[in-house]
Structure formats: structure tokens, C-alpha cells
Amino acid sequence: MAVTASDPDGKAAPTVGLAVLHLFGSLRRPHGPTDLPDDRAGAQGSEIVRAVKQAESDGVQVVTVAMLGHKSDIGFMALAEDLWRLRRLQTDLQEAGLSLTSSYVSLTEVSEYARGLPEEMKQTRLYPKLPPEGKTAFCFYPMSKRRGEVAEANWYRLELEARTELMVGHGSVGRMFSGRILQLITGSTGLDDWEWGVTLFGVHPDDIKECVYRMRFDEASARFAEFGPFLVGMVAPIESVLRSVLGDA
Amino acid sequence: MAVTASDPDGKAAPTVGLAVLHLFGSLRRPHGPTDLPDDRAGAQGSEIVRAVKQAESDGVQVVTVAMLGHKSDIGFMALAEDLWRLRRLQTDLQEAGLSLTSSYVSLTEVSEYARGLPEEMKQTRLYPKLPPEGKTAFCFYPMSKRRGEVAEANWYRLELEARTELMVGHGSVGRMFSGRILQLITGSTGLDDWEWGVTLFGVHPDDIKECVYRMRFDEASARFAEFGPFLVGMVAPIESVLRSVLGDA
Amino acid sequence: MAVTASDPDGKAAPTVGLAVLHLFGSLRRPHGPTDLPDDRAGAQGSEIVRAVKQAESDGVQVVTVAMLGHKSDIGFMALAEDLWRLRRLQTDLQEAGLSLTSSYVSLTEVSEYARGLPEEMKQTRLYPKLPPEGKTAFCFYPMSKRRGEVAEANWYRLELEARTELMVGHGSVGRMFSGRILQLITGSTGLDDWEWGVTLFGVHPDDIKECVYRMRFDEASARFAEFGPFLVGMVAPIESVLRSVLGDA
Amino acid sequence: MAVTASDPDGKAAPTVGLAVLHLFGSLRRPHGPTDLPDDRAGAQGSEIVRAVKQAESDGVQVVTVAMLGHKSDIGFMALAEDLWRLRRLQTDLQEAGLSLTSSYVSLTEVSEYARGLPEEMKQTRLYPKLPPEGKTAFCFYPMSKRRGEVAEANWYRLELEARTELMVGHGSVGRMFSGRILQLITGSTGLDDWEWGVTLFGVHPDDIKECVYRMRFDEASARFAEFGPFLVGMVAPIESVLRSVLGDA
Amino acid sequence: MAVTASDPDGKAAPTVGLAVLHLFGSLRRPHGPTDLPDDRAGAQGSEIVRAVKQAESDGVQVVTVAMLGHKSDIGFMALAEDLWRLRRLQTDLQEAGLSLTSSYVSLTEVSEYARGLPEEMKQTRLYPKLPPEGKTAFCFYPMSKRRGEVAEANWYRLELEARTELMVGHGSVGRMFSGRILQLITGSTGLDDWEWGVTLFGVHPDDIKECVYRMRFDEASARFAEFGPFLVGMVAPIESVLRSVLGDA
């Protein structure tokens with residue numbers, strides 16, 4: 001278990017894999033409801049850049065995203081061993097002026113249905129290298145397996161064998177989009193309001209739409225999946241993201 | 001795939017059709033809770049006009065709407081190939097002072113039940129020309145197909161044939177309103193919180209009411225449709241919209 | 001279709017009946033979270049009065065209500081042919097300082113179950129004269145008919161005949177309260193988040209309670225009705241309402 | 001029907017019993033997000049005391065409560081004949097700086113299952129004397145009877161006889177806590193978002209917990225009750241409440 | 001029943017065990033939406049430290065947590081006999097500038113299924129010593145037992161024997177994580193919006209994830225548990241927590 005300089009007590013890393021913090025936030029604006037002071041107009045952006053660079057120099061992977069719509073302006077997907085280092089990134093972004101509107105806490109994992117995978121594929125899930133090249137379209141959503149009132153709609157009342165069969169079928173839909181979509185599923189049972197976080201990187205936005213649409217008909221989804229809010233944007237280096245979501249001035 | 005000057009990384013357009021961004025927001029007001037400064041009272045409106053005009057000169061279609069009720073003051077429905085250009089419009093509107101209260105991200109599409117349509121009708125769905133003339137009444141709402149606990153209430157457990165039959169019946173209700181209502185359905189599975197966005201343009205507000213009411217009895221809706229919030233207003237050029245939603249001063 | 005001076009584009013009225021806009025809002029206060037400036041303390045109230053009077057002089061009916069509880073301070077129920085005129089009223093109230101917390105958009109209508117009514121009663125539903133005299137207690141709530149997963153709990157899967165029978169029974173409960181309660185049901189399918197808006201005017205607050213309570217046992221409600229939030233207050237002229245909801249100073 | 005000096009139009013009282021307004025709110029604080037000005041730090045508290053005393057001198061019963069948790073700082077349960085007098089109390093508290101976060105509107109009542117009670121007990125329900133002595137622990141929550149999709153889970157489809165039997169059983173659980181708990185159930189069908197408001201006064205906080213927990217197993221609750229948010233605190237004179245929820249300075 | 005100096009009326013403690021107040025809040029920041037004044041930047045932190053120390057010197061146990069994500073910056077879990085003393089802590093934290101975003105009110109308890117436990121274990125549940133050493137990962141979530149429409153999904157319609165059997169099975173899953181997880185379940189029926197609060201302390205964040213994930217398959221959870229929001233962070237002394245969630249300046 002790694003202990004970084006930013007870890008006050010030295011003990012907040014998973015025993016295997018990485019901790020993942022998705023952060024989504026809104027910027028302050030010169031003519032927004034709280035009138036950003038003049039001397040902060042430039043500082044806000046440069047402090048956000050600095051927060052990201054400092055995290056990266058500490059070994060944190062940070063994917064930055066220009067978000068679309070009213071839910072947020074910028075998204076960050078940060079992966080590190082130490083939760084304290086991720087909290088430091090969160091603090092630095094908040095201190096720069098970012099107002100957090102949404103977030104998600106999860107851990108990379110090899111699911112119980114993937115125990116038979118080759119070791120290399122397991123390592124890719126536990127220690128992914130992000131963002132993938134050439135996949136600008138970004139989508140994050142959380143999901144859970146249904147725990148319906150009737151047994152046939154309750155994932156957690158199925159035997160392991162039945163669940164494994166359904167998950168294998170589900171995976172084969174995903175593989176149809178290989179090359180067009182990179183999907184990372186991270187576990188959050190006990191860590192956030194849903195049981196998994198799904199992060200998709202697509203070449204085109206309609207790759208994401210088609211992939212998620214196709215999966216809805218898969219039995220594992222159709223009978224058992226429940227979805228949280230979808231957050232969508234475009235992956236780019238933090239400087240490009242800021243250029244896109246901030247004013248020209 | 002088009003790459004416009006505003007696209008920092010050149011890669012955020014669907015392979016076919018247009019990206020659609022619905023934005024709904026509230027204006028700042030001189031005597032509102034955050035007291036708009038005097039010199040901003042006029043600037044807010046003129047900067048909103050400029051943002052719309054600049055987008056239009058870049059080939060973005062922008063429908064502008066005076067909204068009714070507490071949910072928002074102005075609505076924008078913007079269509080473009082490049083998500084980065086849509087984000088630029090969003091940024092410009094926010095910088096002008098608009099506070100976003102709601103939004104929707106979707107793509108134009110030819111649904112899987114409409115594959116047999118004549119090519120021209122497909123093109124009209126993929127590349128619509130908006131707003132339609134003479135249809136002032138505007139309504140936007142998102143919807144999904146039900147994924148109920150029991151199979152008979154789960155759209156995604158139906159065979160393609162059964163779904164197609166239901167959708168054909170559904171379409172015939174819509175055609176009864178041709179001339180009074182223009183309906184555009186855009187796909188958002190994986191892109192926003194519901195699976196489709198529905199935008200209606202009506203000659204009269206009761207055309208919209210009657211059309212949606214009639215459709216509720218159609219089996220595809222009655223058994224399988226779930227609806228999000230409804231946003232309603234009047235389409236007009238941006239200058240007229242602002243005259244309507246801003247004070248006389 | 002009437003075109004008023006305030007209608008920028010001349011086309012936003014229903015083909016028959018009136019458009020109805022319910023607006024509920026909170027006032028700014030001298031010692032509230034945003035500290036209303038001294039010179040606005042009186043102006044806020046007088047500008048609200050002026051907005052109401054101007055609308056009335058344009059032929060808009062405006063019922064004004066002192067609301068109870070945290071949801072809002074004042075309620076307005078405005079009826080007019082032209083949606084643009086209703087939006088002007090909304091804008092004027094917002095410009096005066098009112099912060100909208102809730103609203104509802106609907107149209108007066110003769111329901112499909114009331115087609116056999118005498119013409120005069122239909123006209124009363126399409127063109128009501130409000131507020132009724134001597135009925136101070138006010139209640140507004142939106143509602144929909146249930147579209148349950150099972151057929152027997154899905155209003156929209158019933159035949160017209162069955163629906164008509166249920167609605168006739170429902171109406172007879174309402175008639176038991178004639179003289180104590182005036183009820184106006186306006187249609188909002190496709191226009192707002194629920195399918196109908198219900199506005200009740202009662203002589204006493206317990207008339208409203210007893211009437212709504214009795215109706216819950218009627219089969220049309222018990223099996224099929226779903227209710228939104230209830231907003232309650234006292235009808236009075238706008239000057240009395242303001243005296244009640246503003247400080248003495 | 002009483003008409004008080006504060007009633008602008010003289011007509012907003014129930015024909016029998018009292019109107020009840022529960023108000024819950026947050027105080028402004030010197031270092032809170034809106035920085036209470038120095039000269040308001042003391043004024044806020046003394047104006048709240050004055051509002052309560054004035055209401056009491058007009059015959060309004062006002063129970064004041066120091067609330068626990070993020071939902072609110074202070075709770076007020078006010079009972080009076082005239083809704084206009086309750087609205088005046090609300091206005092005075094808001095003018096003092098209290099920001100309302102929650103509320104409930106209801107009327108005292110003798111339920112249809114209690115028609116056979118001795119007249120004195122009915123009077124106690126219609127005109128209760130509050131707060132009871134020695135019962136510091138306070139809880140308020142709203143509730144409704146379930147209107148489920150299936151008949152067996154739909155209270156409003158039961159016959160009066162079956163409902164009466166269930167309510168008698170329910171009442172007997174309540175009586176086990178007599179002396180430790182005083183319970184007041186007020187009716188709000190048509191007046192607020194739930195059908196009843198339940199106010200509990202307990203000697204100890206675990207009296208409240210045990211009483212509500214026991215009732216959950218009663219058939220009337222287990223099959224038919226739906227509960228809203230619970231608001232909890234300690235009853236005390238308004239000066240003690242303010243001492244507890246305001247800073248020492 | 002203990003009466004502390006901070007108890008204005010001497011009567012707000014449970015007859016046995018401790019009252020528990022979970023508080024979660026956001027800090028004000030120099031460049032946040034409300035621009036913390038310069039002289040408050042340091043004061044906010046030191047006043048929070050003082051509030052915690054004063055409570056501890058009065059015998060209150062206070063666990064402090066650096067939280068992850070947009071829901072809050074700091075969490076406090078405070079245990080004491082007297083609710084008035086817990087309210088004083090809440091007031092002191094609010095006066096320091098903490099803006100409460102979430103909270104939970106509960107009482108320690110020996111559940112009805114644990115009546116046969118050795119006395120010492122009961123005492124540990126009623127009077128726990130927190131935080132446990134070496135368990136940095138923190139999770140809090142509220143939960144209820146399902147009261148479904150059908151009897152087989154309604155916990156409160158099961159006999160005590162059946163419930164006891166299910167709870168014994170449930171406990172045995174928990175015991176598999178002994179040493180890695182400390183779990184404290186406190187009762188909140190009638191005191192807050194859910195029926196129990198669950199606080200988990202883990203050596204590693206994946207201990208928490210694995211433990212909660214495993215429990216989902218246990219029948220008592222799979223059929224009957226409903227979960228509220230999950231709040232996650234790292235336990236540390238208040239000074240370390242503040243160092244982590246505040247800026248370096």
C-alpha cells in the first residue's frame with residue numbers, strides 16, 4: 001500500500017487496484033450570479049491547471065472533460081492509490097473556485113464474473129491507462145442491479161451460475177463495439193449511491209449512443225439494470241477544456 | 001466529419017446526423033436575488049443576441065423560445081455537427097449571465113423502426129430545418145421506454161417485430177396532427193438521463209395538448225412510455241424573446 | 001384568436017378557451033439572505049400591484065393568494081387568451097423582485113367525458129369568472145391518471161365507456177360540495193409535468209379538506225389518481241395579500 | 001368563526017377545530033454563506049421572540065423547538081382558528097431573518113374512526129393544549145395511506161368497516177405508550193402533500209423511537225402507511241431554543 | 001439520565017445508550033461562490049477545532065472525517081447522552097462557517113434480535129468507543145426494511161421468528177469481515193427519514209466495498225433492505241482533516 005506525502009495518516013488505499021474519483025463542477029463567471037472579481041477571472045483557470053498538473057506529477061491519472069449542459073462545466077476522472085491524494089486534488093479544485101455539482105467514488109476491480117480472465121486483462125482493469133487515444137466522446141453514469149419486490153426481478157436472489165451466464169452475454173454485446181468504445185466499470189457498492197460507475201470513451205458520440213442502446217436489450221440490462229444520471233462531454237487536455245468552457249476574455 | 005474552427009481537438013461529431021443541445025436558463029434581473037449591476041442590464045441581452053448570431057453564422061441552427069413558468073426564462077434548441085461548437089454556444093450564453101436550469105443532449109436519428117422510410121424522409125429526420133414556420137407553440141420533454149419488473153411491462157424484453165408493430169401504430173396517431181404539429185424525436189440513450197428527447201412545434205398550444213393526450217391512449221405509450229418534465233413556451237426570434245422575458249427598462 | 005399588443009408574433013392562443021398560468025413565488029425581504037436594499041422595500045410591493053393591475057386592464061383575470069408555508073409567499077392564477085400576455089405578467093412580477101418557486105401551465109377545457117353538458121356549462125368551464133365570491137380558502141394541485149405496470153391499474157388501457165362511467169361517479173362526489181367548493185380542472189397534458197391542474201376555492205379550509213378526502217374513496221381516484229404537491233392559501237385582493245405577507249414597515 | 005384584527009377578509013377559519021401551521025427554518029449567521037450584518041446578530045433573535053409573543057397574545061398556541069441536523073435550526077408548531085393570523089406569524093418570522101426550509105399545513109380533526117369517542121376526548125383532539133408538560137423530545141412527520149396498484153395494498157378501496165377495525169388495532173398500540181408519548185394527528189388531505197401530520201411529544205427520545213418502531217408492525221401501518229421526512233428536536237421556551245441554536249456572542 | 005451544563009431544560013437523553021448525531025458539511029472558501037473574507041480564512045478552521053475540543057471535554061465522542069466528493073467536505077459523528085449537548089456542537093460548527101449539507105439523528109441500541117447477547121457485547125453496542133484504531137476508511141448510510149405492496153416483500157408482515165432467523169444469517173456475513181470492518185448500527189425509526197443508520201470503519205476502502213457487496217446477497221438484504229445515500233471519507237484527527245480539506249494558504 002503506497003503512502004504519499006499528502007496522506008496525513010498513511011492508510012487510505014485499496015489493497016489492490018486504484019481508487020477513482022469522478023468530480024463534476026461549475027465555474028464562477030464574471031457576470032454569473034455571484035460576480036467573479038476581476039482578478040480572479042484568469043486565476044481560476046490557471047489554478048485549475050496547476051491542481052491537475054500537481055496531481056499528475058504525484059502519479060495521479062487525471063482525465064479532463066468539457067461537459068455539455070446545465071449539470072456541469074468541467075469533469076475530472078482521477079485515479080490514484082491513495083484516497084488522501086484524491087481528496088487533495090478535490091480541495092485544490094474547490095479552492096480555485098470550482099463549485100462541485102456531482103461526483104462519484106469507486107474502486108477499479110476485477111468482477112467476480114471475470115475471475116477466469118488472463119492476468120494481463122485483469123491488470124488492465126485494475127490499473128487502466130487513461131484516457132485512451134482518439135476517443136473524444138465521454139460519458140459517465142452510475143448503475144445498480146435491480147432488487148425488485150418479486151424474485152424474478154431481483155438480481156441478488158439469483159445463483160452465481162445464473163448471474164455469470166447473464167454477465168457473459170452482456171459482455172459479448174460490449175465487445176461488438178471494440179475499437180469504437182472503451183468501457184471502464186468500477187465498483188462502488190458501499191462507497192457511493194449506486195453499485196457501479198460506468199465510464200465510456202467513444203470515437204464519436206453516436207458510438208456511445210448505439211452501444212448503450214444495444215445493451216439495453218441484453219437480458220442482464222433489460223431485466224436487472226437501473227441507471228443513474230448520465231454526464232456527457234468531450235475529453236481534451238485541461239488547457240483545451242478551459243478554453244472551451246471559459247469566456248474569450 | 002466536419003471540423004470547425006471552434007473544435008479544439010477536431011473529433012466530436014456524430015458519424016451521421018446532427019448533435020442537438022437543448023438549453024434552458026434564467027436571466028439575472030436588476031432586482032432579483034443577486035441584484036444585476038446597472039451596466040449589465042442591457043449588456044446581458046445584447047450578449048445573448050451576439051452568442052446566437054455567432055453560432056448561426058457558424059452554421060448552427062438555433063431555435064429560441066420564451067419559456068413559461070418558474071423553470072426557466074429562455075430556451076435554446078441548437079443543432080450542429082460539432083459538439084465543441086455547441087459547447088461554445090453554451091459558454092457564451094453562460095458568460096452573458098444566463099444561469100442554466102435545465103438542458104438535454106441528444107442526436108438526430110432514424111430509428112430502427114423507420115429503416116424502410118424513403119431516403120428523403122430519413123434526411124429530414126437527420127438534418128431537419130428548424131424552426132418550422134407558423135408553429136409558435138413549443139414543447140420539449142424527454143422520455144424512456146419502461147423497463148418494468150414484469151415482462152409484459154418491459155419494452156426491452158419485446159421482440160423487434162412486436163416493437164415495430166407498436167411503433168407503427170404510435171406513428172399513425174402522430175400523423176393525425178400533421179399540419180398542426182411538427183414533432184422531432186432525437187436519441188439520447190447513453191447521452192442524457194432519458195432515452196429520447198421529444199420537441200414539438202404547434203400552431204396553437206391546444207394542438208400540443210390534444211396531440212400528446214391522444215398519444216397517451218396508444219398502446220406503445222400507455223403500456224411502455226415514461227415521461228420526464230415538460231418545458232413549454234413560444235418560439236420567436238431572439239430579439240422578440242428577450243423583449244418578452246426582460247423588463248421594459 | 002385574439003392578438004394583443006403584447007404579443008410579439010401574434011400566435012400563441014388556444015383555438016378555444018383560455019390559457020392558465022399559476023405562478024407561486026417568494027418575496028425578497030430586508031433581512032433575508034440577500035438583504036433587500038432599503039429603497040426596494042416599498043418598491044417591490046407597489047411594482048407587484050402595478051403588474052397585476054396592468055394585466056387586468058388588458059383583460060387578464062388574476063386571482064391573488066396569500067400562501068401558507070415554506071413553498072411560497074404569494075400565488076397568482078392568471079387566465080388569458082394569449083400566452084404572450086401571461087409571459088408579460090410573469091416577467092413584470094420577476095422584475096419586481098418575486099422569485100418564482102413553482103408554476104403550472106394549462107388550458108381551460110371541456111373534458112371528453114363532459115361532451116353532453118349543456119352549452120352554458122361548457123362555456124363556464126372554458127371561460128370561468130374568477131375568483132368566486134365568498135370562497136377565501138384556496139388550493140392548487142396537479143394530478144395525472146395512473147399508467148401502472150398492470151393493466152387494471154392503467155387508466156389509459158381502459159375503454160372510453162369504462163372511463164366515462166368512472167368519471168361520472170367521480171363528478172357526483174364533487175357535486176355534494178356545491179356551494180362550499182368551486183372546482184376548476186384545467187388540462188395540461190403536453191404542457192406541464194402532470195396531466196391536469198386542479199384549483200379549488202372553498203368557503204372554509206375544512207371544506208377543501210373534506211372534499212378532497214371524500215374523493216379519494218371514489219374509484220376513479222382510488223385506483224387511478226396520482227397527485228403532485230398541494231399549494232394552499234387565502235384569496236384576497238393583491239393589496240391585502242401583500243399586507244399579509246410583507247412586514248409592517 | 002373568529003375574526004381577528006389580522007384577518008384582512010374575515011374568512012379563513014375551519015368550521016370546527018383549529019388550523020395548524022408547522023414551520024421549520026434556518027437562521028442567518030455572522031459567518032454563514034451570506035454574512036449576517038453585525039447589527040442584525042442580536043436583532044434576529046429578539047424579533048423572533050417578539051413574533052412568538054405577539055402571536056401568543058393573540059391567542060395562538062406556539063410550540064417552539066430546537067431542531068437537530070441539517071434540515072433546520074428552529075421549529076414552530078402554531079395552532080389558531082384563523083389562517084390569516086398564522087400567516088402573520090410566518091411573515092414576522094421571515095422578516096426577522098428566518099429562512100423557511102420546510103412546513104406543513106393541517107387542521108385538527110376527529111377522524112371518521114373516532115366518531116364514537118366521548119365528547120371530551122373529541123374536544124381534546126379539536127382544541128389541544130400544547131406543549132404537554134415534561135415531554136421534551138419532539139418529532140413531526142407527515143404520512144399517507146397507500147393507494148397501491150393492487151387492491152390489497154390500497155387503503156381507499158377498503159370498506160369503512162375494515163378500515164375501522166384496522167384503525168382500532170392501530171390505536172391500541174399507541175395507548176401502550178400513554179404517559180410516555182403524546183400524539184396529535186392532524187388532517188391535511190387537500191391542504192398539504194401528505195394526508196396527515198403526526199406530531200409526537202415524548203419524555204425521552206427513545207420513547208419516540210420505540211413507539212414509532214412498534215407501530216410499524218401494526219397491520220394498518222405495515223400494509224398501508226407511507227411516511228414523509230422526519231423532523232426531530234427538543235421542545236423549550238423560545239428563549240431557550242434560541243440560546244441553543246445561536247452562537248454565544 | 002445525565003444533565004449537562006448545556007442542557008437548558010434538563011430532559012433530552014435516552015433512557016439507555018447514547019444519542020448519535022452525524023453531521024456533514026461544506027466549508028466556505030476564499031474564492032468560493034460567497035468569497036470568504038480574508039480574516040475568516042484561518043478563523044473558520046480554528047473555530048471548528050475548538051468546537052470539537054469543547055465537545056470532547058464535555059464527554060462527547062466526536063469522530064471527524066475528511067469526506068470525498070461533492071456531498072460534503074467534513075463529516076462529524078458525535079455521540080453523547082444529551083441531545084442538547086449535540087445541538088450545541090452543531091451550533092458551534094455552523095457558527096464557525098460550516099454549511100450543513102446532510103445529517104442523521106439516531107440512538108445506539110440493542111436490537112430485538114440481539115436480546116440473547118452477553119451483557120458485555122450489549123454494552124459495546126450501547127456505549128461504543130469510537131473511532132476504532134487503524135480503520136481509516138469511513139462509510140455512513142441509512143437504511144430501512146422494505147414495506148412492499150406484496151406480503152412476501154414486506155418485512156413488517158413477517159413473524160418475529162422469521163425475522164430473527166434472517167437477521168442471524170445476516171450477522172454471520174458481517175462476522176466474516178471482523179478485524180477488517182467495524183460496524184455500528186444505530187436506530188432511527190421515528191427520529192430520521194430511514195429506520196437505521198449504518199456506520200462502517202474499514203482498514204481499507206475495498207474492505208468496505210467487499211463487505212457491503214457480500215451482504216447484498218444475504219436474504220435479509222436482498223429481499224428486504226432499502227438503502228439511502230452513501231457518504232464516504234477518511235477518519236483522522238480534526239487537525240489532519242482540516243489540513244486535507246482546506247487550502248494550503
Side-chain angles (χ1 to χ4, degrees), chain D residues 27 29-35 66-71 73 134-137 139 141 146 148-150 152-153 200 202-213 215-219 221-223 225-230 232-237 239-241 243-249, chain E residues 1 6 8-17 19 21-25 28 32-34 36-37 40 43-44 47 83-84 86-88 90-92 94-97 99-107 109 112 145 147-151 154-157 160 187-193 195:
Chain D
L27 294 163
R29 295 182 186 280
H31 307 308
T34 55
D35 285 339
M67 304 300 294
L68 282 168
H70 75 296
K71 293 173 192 165
D73 287 319
K135 295 196 171 63
T136 303
C139 171
Y141 63 94
R146 182 178 279 172
E149 293 200 6
V150 296
E152 82 130 16
L200 301 177
V203 178
H204 301 290
D206 47 344
D207 292 328
I208 289 177
K209 180 167 83 87
E210 192 182 339
C211 175
V212 179
Y213 181 72
M215 286 205 171
R216 295 249 157 142
F217 292 97
D218 178 70
E219 193 179 353
S221 275
R223 283 179 58 195
E226 294 183 331
F227 303 106
F230 286 71
V232 170
M234 294 82 75
V235 176
E239 296 85 354
S240 301
V241 167
R243 218 156 41 231
S244 166
V245 301
L246 282 175
D248 297 320
Chain E
M1 193 183 69
S6 67
D9 296 281
K11 288 189 217 101
T15 51
V16 66
L21 182 61
H22 288 78
L23 292 172
F24 302 93
R28 288 189 65 187
T34 55
L36 185 68
R40 292 294 307 163
Q44 181 182 222
E47 290 176 18
L83 287 177
W84 288 106
L86 293 177
R87 173 66 227 195
R88 169 51 48 195
Q90 173 178 334
T91 298
D92 289 348
Q94 287 174 295
E95 289 282 318
S99 175
L100 297 178
T101 54
S102 182
S103 64
Y104 209 74
V105 179
S106 59
L107 302 177
E109 69 177 15
E112 60 178 320
K145 289 299 193 189
R147 300 162 61 258
E149 292 201 6
V150 297
N154 192 323
W155 178 260
Y156 291 97
R157 295 175 73 180
L160 176 60
S188 53
T189 309
L191 301 179
D192 214 321
D193 298 353
E195 294 165 354

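If you're wondering where the values come from, they're calculated on a predicted model, not measured in any experiment. Every chain is numbered from 1 and lettered A, B, ... according to where its sequence line falls, protein lines coming before strand lines.
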>> Applying side chain to side chain donor-acceptor pair (under 3.5 Å), can you list everything that pairs with Glu112(E), at least two apart in sequence or on another chain?
In response: Tyr213(D), Arg163(E)
> Between Glu149(E) and Arg146(D), what is the shortest heavy-atom contact and its length?
Replying inline: CA-NH1, 3.4 Å
> Is the side chain of Ser103(E) donor-acceptor paired with the backbone N or O of His70(D) at a distance under 3.5 Å, no angle test?
Replying inline: yes
> Out of curiosity, His31(D) NE2 to Ser99(E) OG, how far, rounded to the nearest 0.5 Å?
Replying inline: 14.5 Å
>> With a 4.5 Å cut-off on side-chain heavy atoms, are Pro30(D) and Glu95(E) touching?
In response: yes
> Tell me, side chain or backbone of Leu83(E) under 4.5 Å from chain D's heavy atoms, or both, or neither?
Replying inline: both
> Roughly how far apart are Asp206(D) CG and Thr15(E) OG1, rounded to 0.5 Å?
Replying inline: 3.5 Å
>> So which residue, Gln94(E), Glu109(E), Glu195(E), ends up with the most heavy-atom pairs under 4.5 Å with chain D?
In response: Gln94(E)
> Which answer fits Pro37(E), side chain, backbone, both or neither, if we ask what part of it has an atom under 4.5 Å from a heavy atom of chain D?
Replying inline: side chain
> Does some side-chain heavy atom of Asp192(E) sit less than 4.5 Å from a side-chain heavy atom of Lys71(D)?
Replying inline: yes
>> If we define contacts as heavy-atom pairs under 4.5 Å, which of Leu27(D), Val212(D), Asp218(D) has the most with chain E?
In response: Val212(D)
>> Only pairs of heavy atoms separated by less than 4.5 Å count here; which of Val232(D), Val150(D), Leu200(D), Asp73(D) has the most with chain E?
In response: Asp73(D)
>> Shorter than 4.5 Å, heavy atoms on both sides: which option in Cys211(D), Gly233(D), Ala222(D), Ala66(D) has the most such pairs with chain E?
In response: Ala222(D)
> In chain order, what residues pass the side chain to side chain donor-acceptor pair (under 3.5 Å) check against Glu219(D), with sequence neighbours excluded?
Replying inline: Arg223(D)
>> Among Arg28(E), His22(E), Gln90(E), which residue has the highest count of heavy-atom pairs closer than 4.5 Å to chain D?
In response: Arg28(E)
>> Ile208(D) vs Leu191(E), test: side-chain contact (heavy atoms from CB on, under 4.5 Å). Steps then yes/no.
In response: CA-CA 7 Å; Ile208(D) 289 177; Leu191(E) 301 179; 4.1 Å; yes
>> So which atom in Met234(D) and which in Ala12(E) form the shortest heavy-atom distance, rounded to 0.1 Å?
In response: CG-CB, 3.6 Å
> Under a 4.0 Å N-O cut-off, is there an ion pair linking Arg29(D) with Glu47(E)?
Replying inline: no
> Side chain, backbone, both or neither: which part of Glu210(D) has a heavy atom under 4.5 Å from chain E?
Replying inline: neither
> Are the side chains of Tyr156(E) and Ser221(D) in touch, meaning some heavy atoms are under 4.5 Å apart?
Replying inline: no
> Is any side-chain heavy atom of Thr91(E) less than 4.5 Å from a side-chain heavy atom of Leu246(D)?
Replying inline: no
>> Show, in sequence, the C-alpha distance, side-chain angles and deciding distance for Asp193(E) and Phe227(D), and conclude whether the side-chain contact (heavy atoms from CB on, under 4.5 Å) test is met.
In response: CA-CA 8 Å; Asp193(E) 298 353; Phe227(D) 303 106; over 6 Å; no
> Does any heavy atom of chain D fall under 4.5 Å from the side chain of Ser188(E), the backbone, both, or neither of them?
Replying inline: backbone
> So Arg87(E) and Val245(D), side-chain contact (heavy atoms from CB on, under 4.5 Å) or not? Walk me through it.
Replying inline: CA-CA 7 Å; Arg87(E) 173 66 227 195; Val245(D) 301; 3.5 Å; yes
> Which atoms form the tightest heavy-atom contact between Pro205(D) and Pro14(E), and what is the distance?
Replying inline: CG-N, 3.8 Å
> Is there a side-chain contact between Arg147(E) and Arg216(D) (heavy atoms, below 4.5 Å)?
Replying inline: yes
> Given that the side chain runs from C-beta out, which part of Tyr141(D) has a heavy atom under 4.5 Å from chain E: side chain, backbone, both or neither?
Replying inline: neither
> CG of Leu68(D) to CH2 of Trp84(E): how many Å apart, nearest 0.5 Å?
Replying inline: 9.0 Å
